[in-house]
Amino acid sequence: MADGFREFRVANKVVESDIITSFYLEPTDGAPVWNVKPGQYLTLRVPGPDQPALKTYSVSGDPSETRYHRITVKRETGHGGAPDGVGSSWLHDHIDIDATLDVAAPRGTFCLDEASDRPVLLLSGGVGLTPMVSMLHRLSQTDREVHFLHACENGKVHALRDEVLALQSDRITARFVYRCPSDTDRAAKLFDAEGVIDAAFLRKHIPIGDYDVYMCGPTQFMVAMYQLLQELGVPKARISYEFFGKAASLDALVKEVATSKAASRAAPTIQSLTFLTNPDAWASEGETPDLPEAPVPKSESDVAFQQSNVTAQWDGSVNSLLELAEDVGLNPEFSCRAGICNSCKCGLVSGEVEYFEDPLIPPEAGQVLICCSRPKGPVTLDL
């Protein structure tokens, strides 16, 4: 389609667990599906309360498949257990076989490094297993050692279990950890351990090695695994991750947790942490104070954040203007970190930027998406 979307037909709809369903999507134009890297996601245009919303779902099937793309979607709930109304509930409740959907091409940098020959640890929680299953399919066609570890509540919510087990071999092992298994789960021996993935479990089941680690899941799970892996000696450079939900930096979250624990014995839950600016906090009663002179770039590598009165140097150590802003203590609004949602859009006061990930919906003139752009010389942002 002209705006970056193609029409796909739902060729099949398969219930994978009590809360998770797979959708098999075939292009209606008769052309082949897009090439997809193991770990990437599709963007769907779905009805919203005021205007269409964009929702992203990992490709969960074999990336070598040429007839269809498969997404595997958890039914999310809002306050009080009510359906979220947008995205997952719409797909579960209103989309059946032969329905058509607007889909944008695969995106995302959370991808399997297929040039590496190191052993692989795939680590997932809940519906975070979906990109891992795609990676597992590709890895099953190689000679690499693979350990697939998945944590979930119990057998009722465990999706794609049989598919994962069918991919086991003399070099691929899969193990499952259930937090609250049922008597049926125990009788059927559906899991390998009860509780959570901890250091003892990893030491018991994962041989010492120089692994490439890929992980995806809920925020609390991700923070715990990130800390645990480093405690066990896995370098940060070997750990790739993707959030299901609001994207964030695990390093930043770990620091936030440490700071909270230092300030109070009762640290807030990870899920309560946000990365949103609050413009109202800048307002004050009484006379307007004298504002400092707005910063301006003083060298070819300077980035000035006008509202915050901060200037930073671009030295290539971070990937995006968003990451540069975070490095100097700013908290810009963002969500996807992939040029999809436009949450990070801000004014470009002066200078030029280049996009390393093309925005799905390009911003208007004078605006820039800082999550997927870099400066081309000195830049001033209205941030």
Side-chain angles (χ1 to χ4, degrees), residues 2-5 34 36-37 39-45 52-56 58 104-111 113 236-237 240-243 245-253 274-279 294-383:
D3 59 357
F5 287 82
W34 291 296
V36 58
K37 297 178 182 179
Q40 287 189 310
Y41 55 80
L42 301 176
T43 303
L44 275 60
R45 185 156 49 197
L54 301 179
K55 296 292 182 178
T56 60
S58 295
R107 300 169 76 94
T109 57
F110 177 67
C111 303
D113 179 1
K236 288 183 183 181
S240 300
Y241 58 87
E242 181 173 64
F243 285 89
K246 189 177 182 65
S249 161
L250 281 179
D251 279 320
L253 286 175
T274 61
F275 293 81
L276 301 178
T277 56
N278 178 13
V296 294
K298 294 181 173 61
S299 75
E300 287 297 309
S301 59
D302 276 358
V303 176
F305 301 99
Q306 190 172 72
Q307 289 189 27
S308 305
N309 195 33
V310 171
T311 300
Q313 187 174 60
W314 178 268
D315 60 7
S317 62
V318 295
N319 292 322
S320 67
L321 285 165
L322 171 59
E323 291 182 12
L324 182 67
E326 292 172 331
D327 267 10
V328 295
L330 307 184
N331 292 316
E333 185 172 346
F334 70 89
S335 182
C336 71
R337 287 185 181 261
I340 293 175
C341 68
N342 281 29
S343 297
C344 69
K345 182 171 65 175
C346 73
L348 179 62
V349 179
S350 65
E352 291 184 81
V353 302
E354 62 182 359
Y355 287 101
F356 57 85
E357 180 85 53
D358 290 334
L360 184 58
I361 302 175
E364 55 270 27
Q367 299 287 309
V368 60
L369 302 188
I370 60 173
C371 76
C372 55
S373 61
R374 302 184 181 111
K376 293 175 65 177
V379 164
T380 300
L381 299 174
D382 186 22
L383 186 67

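Heavy atoms only: backbone and side chains are in, while hydrogens, waters and symmetry mates are out. One is the number of the first residue; the rest follow in order along the sequence.
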Worksheet item: After noting the C-alpha distance and the side-chain angles of Ser320 and Arg374, does the key distance pass the side-chain contact (heavy atoms from CB on, under 4.5 Å) rule?
Response: CA-CA 5 Å; Ser320 67; Arg374 302 184 181 111; 5.7 Å; no
Taking the side chain as every heavy atom from C-beta outward, state whether [X] and [Y] have any atom pair closer than 4.5 Å.
X: Glu242; Y: Ser58; value: yes
X: Leu381; Y: Val349; value: no
X: Cys372; Y: Phe356; value: yes
X: Asn342; Y: Leu54; value: no
X: Asp382; Y: Gln307; value: yes
X: Tyr41; Y: Ile340; value: yes
X: Phe110; Y: Ser240; value: yes
X: Pro332; Y: Ile370; value: yes

For the [atom1] atom of [X] and the [atom2] atom of [Y], what is their distance to the nearest 0.5 Å?
X: Glu364; Y: Lys345; atom1: CD; atom2: NZ; value: 3.5 Å
X: Cys346; Y: Leu383; atom1: SG; atom2: CG; value: 5.0 Å
X: Leu321; Y: Phe305; atom1: CG; atom2: CZ; value: 6.5 Å
X: Leu42; Y: Thr56; atom1: CG; atom2: OG1; value: 9.5 Å
X: Tyr241; Y: Lys236; atom1: OH; atom2: NZ; value: 9.0 Å
X: Leu322; Y: Glu333; atom1: CG; atom2: CD; value: 11.0 Å

Item to complete: Quick one: do Leu324 and Trp314 satisfy side-chain contact (heavy atoms from CB on, under 4.5 Å)? Show the steps, please.
Response: CA-CA 8 Å; Leu324 182 67; Trp314 178 268; 3.9 Å; yes
Atom of [X], atom of [Y] and distance for their closest heavy-atom approach:
X: Gln40; Y: Gly108; answer: NE2-O, 3.1 Å
X: Asp315; Y: Ser317; answer: OD1-OG, 2.6 Å
X: Val318; Y: Glu323; answer: CB-OE1, 3.6 Å

Discussion item. For the CD atom on Glu352, are there more than 12 heavy atoms of other groups (residues, nucleotides or ligands in this structure) within a distance under 6.0 Å?
Written reply: no
Practice prompt. Could you please spell out the steps behind the side-chain contact (heavy atoms from CB on, under 4.5 Å) verdict for Arg107 and Leu360?
Written response: CA-CA 10 Å; Arg107 300 169 76 94; Leu360 184 58; 4.2 Å; yes
Item to complete: Test Thr311 against Val303 for side-chain contact (heavy atoms from CB on, under 4.5 Å), laying out the working first.
Response: CA-CA 6 Å; Thr311 300; Val303 176; over 6 Å; no
